[in-house]
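In what follows, every chain begins at residue 1, and chains take the letters A, B, ... in the order their sequences are listed.
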Amino acid sequence: MSSSNVRVRFAPSPTGFFHIGGARTALFNWLYARHTGGTFVLRIEDTDRERNTPEALQLLLDGLRWLGLDWDEGPEADGEYGPYFQSERGGLYDEYLQKLRDNGRAYDKDGAVYFKVSGEPQVIEDAVRSKVVRTEEKDFVIFRSNGTPVYHFVVVVDDITMGITHVIRGEDHLSNTSKHTELFSALGAPVPVFAHLPLILKTNGPGKMSKRDRGALVEEYEQRNFLPEAVRNYLCLLGWNPKDNTEIFSLDEMIERFDLPGINKDAARFDDKKLAHINGAYLRSLPLDDFVEKGKPFLEKAGLIDENTDRDYLRTVLDLCQEKLRSLDDLAGYVGYFFNDEYPIVEKARRKIFKKGDPVARLKELAVELAKLEEFEEEILEKTVQGLSEANELYTGDYIHAARLAVSGTNAGPSFYALLRVLGRERVLGRIERFISGCQDAEN
RNA sequence: GUCCCGUUCGUCUAGCUCGGUCCAGGACUCAGGGUUUUCAUCCCUGCAACAGGGGUUCAAAUCCCCUACGGGACGCCA
């Protein structure tokens, strides 16, 4: 199935959250596996933690799937190197502990088992930072006095027994790596290639992003209705760079271009604004049918459409508005008046437009002309407004602003003449009339 | 405190391997303008950086050293 012997893994511990930094690590591992034709393994580090609930695991798997990251081996996928839950691999840890006892590298003290370090400088071949040298000075615990193995021992045994060739993980593990290389060597196993990823810093303030920071969790982006492909695209740019200023990639391009040498060394700050920008770019470039499918639930939730809504009309409206949107969250607010005659008049817009000129007078003039038209097409509408403005020596904007306010309740929206066309003459005239009488009532 | 990693516009980054082509390029943000005088899109223009100090060199963002600052690790957590 795989065409290379590269084997990478993402090894999260289910804590009930899926951290965005973890997602980025998973993405880089996944991209590297796909890029090389290797294998992406998902291993669950679920040892001794009461937080390890089925829900916590599910959250992780859902998050990965939401981002489109599928694993070749792991929970719900099988594979020859299982089990993929650390909690089920106990026998292996005992077996490897015995090897260390046999070669004199493990000893008991205070009821715990210690690993005896070599004291030699450990040279870590890191694909991101080249050579890193660090000496592990002190023996460390590999089995607790309660008989359970400790993380550093467990990762190494798992990586050995799962045939992991490249360890791509966060930089917070860099200083631990000397422990790991000691262990690999003592167990007579080849040391994998490491690639330590720069950390993601919080949006403002010092330090790395932590669970409590806004925007730190993958599930937030799902809840905030970001497109997963946009989040994925943004994430791949955090700490990796294609070197030619490309910023938006298709998945295939991303896979083709991603590689270890393009990974940066310095920590990156998470930028919400840029994510929003990329999300907007994805949203606007969605094929219309996809956009309709993605948008529908939001309009339904807002009570704007139901199963009786005309599908062609829905398409026409969304086609008109898609090019202006930045996020799906904005959709219902942007198109409400297309589906509901009871739209609010935005006070700020109203004040702005009434401040200069006499919108009511303009609307009366316009209504007379619109009523005469045989066709309600964009060019004709445009000519009508232009003719009116020339005849009365006014700006076309005087008519446009007034009419947009009357017909949609706001001063922002899609192209004006298209807006009128889609709404149709009947509704446009009805809305203008209602608006005018509303203004006159207010005066009395 | 000890050890490890890092330091180019406010932010993400290109350039650093092989010093001159860089009075440092792109993107986000922001400001101004344009887009049938809507706008949240789109286009254009603009603001804005080589942390500091020493070297090496004809020449340094690029090589070396020091300092400062930022980050991380130092658990019988993972």
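Using a 4.0 Å cut-off on heavy atoms, the residues of residues 166-180 of chain A that approach RNA chain B are E171(A), D172(A), H173(A), L174(A), S175(A), N176(A), listed by number.
Across all strands shown, Y151(A) has heavy atoms under 4.0 Å from base atoms, whether or not it also approaches the sugar-phosphate. At a threshold of 4.0 angstrom between heavy atoms, the contacts of S408(A) with the nucleic acid are absent.
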Under 3.5 Å donor-acceptor pairs involving side-chain atoms of residues 233-243 of chain A, not counting sequence neighbours:
from    : atom 1 : to      : atom 2 : distance (Å)
N233(A) : OD1    : F249(A) : N      : 3.0
N233(A) : OD1    : Y282(A) : OH     : 2.5
N233(A) : ND2    : E247(A) : O      : 2.8
Y234(A) : OH     : D271(A) : N      : 2.7
Y234(A) : OH     : D271(A) : O      : 3.4
W240(A) : NE1    : D259(A) : O      : 3.4
N241(A) : OD1    : K243(A) : N      : 2.6

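The side chain to side chain donor-acceptor pair (under 3.5 Å) check on E219(A) picks up nothing, with sequence neighbours excluded. Every residue meeting the salt bridge (Lys or Arg N to Asp or Glu O under 4.0 Å) condition with D159(A), not counting sequence neighbours, appears here in chain and number order: R9(A), R43(A). For S130(A), the side chain to side chain donor-acceptor pair (under 3.5 Å) test picks out no residue, with sequence neighbours left out. Shown here are the ring-ring contact (aromatic ring centres under 6.0 Å, His included) partners of Y32(A), two or more places apart in sequence or in another chain: H166(A). Every residue two or more places apart in sequence or in another chain was checked for a ring-ring contact (aromatic ring centres under 6.0 Å, His included) with F10(A), and none qualifies. Scored by the ring-ring contact (aromatic ring centres under 6.0 Å, His included) test, H19(A) finds no partners at all (sequence neighbours excluded). Considering only residues two or more places apart in sequence or on other chains, S185(A) meets the side chain to side chain donor-acceptor pair (under 3.5 Å) condition with none of them. In terms of the ring-ring contact (aromatic ring centres under 6.0 Å, His included) criterion, residue partners of F140(A) (sequence neighbours excluded) are, by chain and number, F115(A).
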I need a per-nucleotide contact map over nucleotides 10-18 of chain B, read 5' to 3'. Cutoff is protein heavy atoms under 4.0 Å; write B for the base, S for backbone only, - otherwise. -BBSSS---

In B/S/- notation (B base, S sugar-phosphate only, - none; protein heavy atoms under 4.0 Å), nucleotides 39-45 of chain B written 5' to 3' is BBSS---

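Under the 30°/60° scheme for interplanar angles, the aromatic rings of Y343(A) and Y337(A) are found to stand perpendicular.
The partner of rA14(B), taking Watson-Crick or G-U wobble pairs whose two distances both stay under 3.5 Å, does not exist in any strand shown. The partner of rG19(B) is absent, by the rule that a Watson-Crick or G-U pair needs both atom distances under 3.5 Å. When both pairing distances are held under 3.5 Å, rG6(B) makes a Watson-Crick or G-U pair with rC69(B). With a cut-off of 3.5 Å on both pairing distances, the Watson-Crick or G-U wobble partner of rC74(B) is rG1(B).
Under 4.0 angstrom from either OP1 or OP2 of rA78(B) there lies at least one side-chain N or O belonging to R144(A).
Between the side chains of E45(A) and Y151(A), no donor-acceptor pair is found at a separation under 3.5 Å.
rG33(B) and rC22(B) are spaced 29 Å apart, taking the C1' atom of each and rounding to whole Å.
Listed candidates were rG6(B), rC76(B), rC5(B). Nearest to the side chain of K265(A) is rG6(B).
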